[in-house]
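Scroll down for the structure; my scribbles are underneath it.
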Amino acid sequence: RRQRQMCIRDRCDLKTISIGTKLDFKLESKNANDSKAVILLINGTTIGYMKQFHSNSIHKAVKSKIKPSILIKKIIDNEKTKKVFIEISF
C-alpha cells in the first residue's frame with residue numbers, strides 16, 4: 001500500500017467527501033498536457049487528477065491487467081490548502 005497525494009479541482013467541495021471513500025479512476029491517455037493523466041472520480045463525478053509523478057504506476061498496473069484500489073486516507077481543507085491523500089493498493 002502506498003499513500004499518495006492528489007490534486008483537487010477548485011469546484012470540488014471537500015466537505016462532501018470523507019476518509020475511507022473508494023475512488024474510481026479513468027486513464028486519460030489523450031490529455032494534451034500529460035498522456036499518463038489519471039482522473040479520479042466519485043460516483044462518476046471528477047474530483048481531481050492524480051499527481052503526474054504517481055500516475056505512471058496506475059498506467060503500468062492497468063497495462064498488466066491489474067486493477068488498483070484507491071481510497072481516501074486523509075483530507076486537509078483549510079484557508080491555505082486543499083489536499084487529499086489517497087492510498088493505492090495493487
Report summary line: Heavy-atom nearest pair, Ile75 first then Ile19, reads CD1-N, 4.0 Å

Query - Sequence-distant partners of Asn31, side chain to side chain donor-acceptor pair (under 3.5 Å), two or more places apart - result: Glu28

Query raised in the report: Is a donor on one side and an acceptor on the other found under 3.5 Å between the side chain of Thr21 and the backbone of Ile17?
Result: no

Report task. Quick one: do Ser29 and His59 satisfy side chain to side chain contact (heavy atoms under 4.5 Å, CB included)? Show the steps, please. Result -> CA-CA 9 Å; Ser29 301; His59 276 263; 3.8 Å; yes

**Report entry** Face-on cation placement of Lys74 at Phe85 ring, 6.0 Å and 45° thresholds
**Finding:** yes

Report summary line: Looking only at heavy atoms, the pair that brings Phe90 and Pro68 closest together is CE2-CG, 3.8 Å

Report summary line: Between the CD1 atom in Ile86 and the NZ atom in Lys51, the distance rounded to the nearest 0.5 Å is 11.0 Å

Query raised in the report: Roughly how far, to the nearest 0.5 Å, is CD1 of Ile42 from OG of Ser18?
Result: 7.5 Å

Query raised in the report: So do Ile72 and Leu23 actually touch side chain to side chain, heavy atoms under 4.5 Å?
Result: yes

Report summary line: CZ (Phe25) and NZ (Lys67) are apart, to the nearest 0.5 Å, by 5.5 Å

Query raised in the report: Above 12 or not: heavy atoms from other molecules or residues under 6.0 Å from CG of Asn43?
Result: no

Query raised in the report: Would you say the side-chain atoms of Ser55 pair up with the backbone N or O of Ala37, donor to acceptor, closer than 3.5 Å?
Result: no

Requested in this report: Please examine the side chains of Thr46 and Leu40, heavy atoms only from C-beta on, and report whether any two atoms are closer than 4.5 Å.
Outcome: no

Report summary line: Interatomic distance, NZ@Lys36 vs CG@Asn56, rounded to 0.5 Å, equals 5.0 Å

Report task. Taking side chain to side chain donor-acceptor pair (under 3.5 Å) as the test, write out the residues that go with Thr81, two or more places apart. Result -> none

**Report entry** For Asp77, all residues meeting salt bridge (Lys or Arg N to Asp or Glu O under 4.0 Å), sequence neighbours excluded
**Finding:** Lys15

Query raised in the report: Hey, mind stepping through Leu41 and Ile47 against side chain to side chain contact (heavy atoms under 4.5 Å, CB included) and telling me if it holds?
Result: CA-CA 5 Å; Leu41 309 104; Ile47 62 163; over 6 Å; no

Query raised in the report: Under a 4.5 Å cut-off applied to non-hydrogen side-chain atoms, are Ile88 and Ile58 in contact?
Result: yes

Query raised in the report: Please walk me through it: do Lys22 and Ile70 pass side chain to side chain contact (heavy atoms under 4.5 Å, CB included)?
Result: CA-CA 6 Å; Lys22 184 175 188 238; Ile70 304 172; over 6 Å; no

Query - Reported CD-to-CG distance for the pair Glu87 and Leu71, which is rounded to 0.5 angstrom - result: 6.0 Å

Query raised in the report: Can you tell me how far the CD1 atom of Ile66 sits from the OG atom of Ser89, to the nearest 0.5 Å?
Result: 12.5 Å

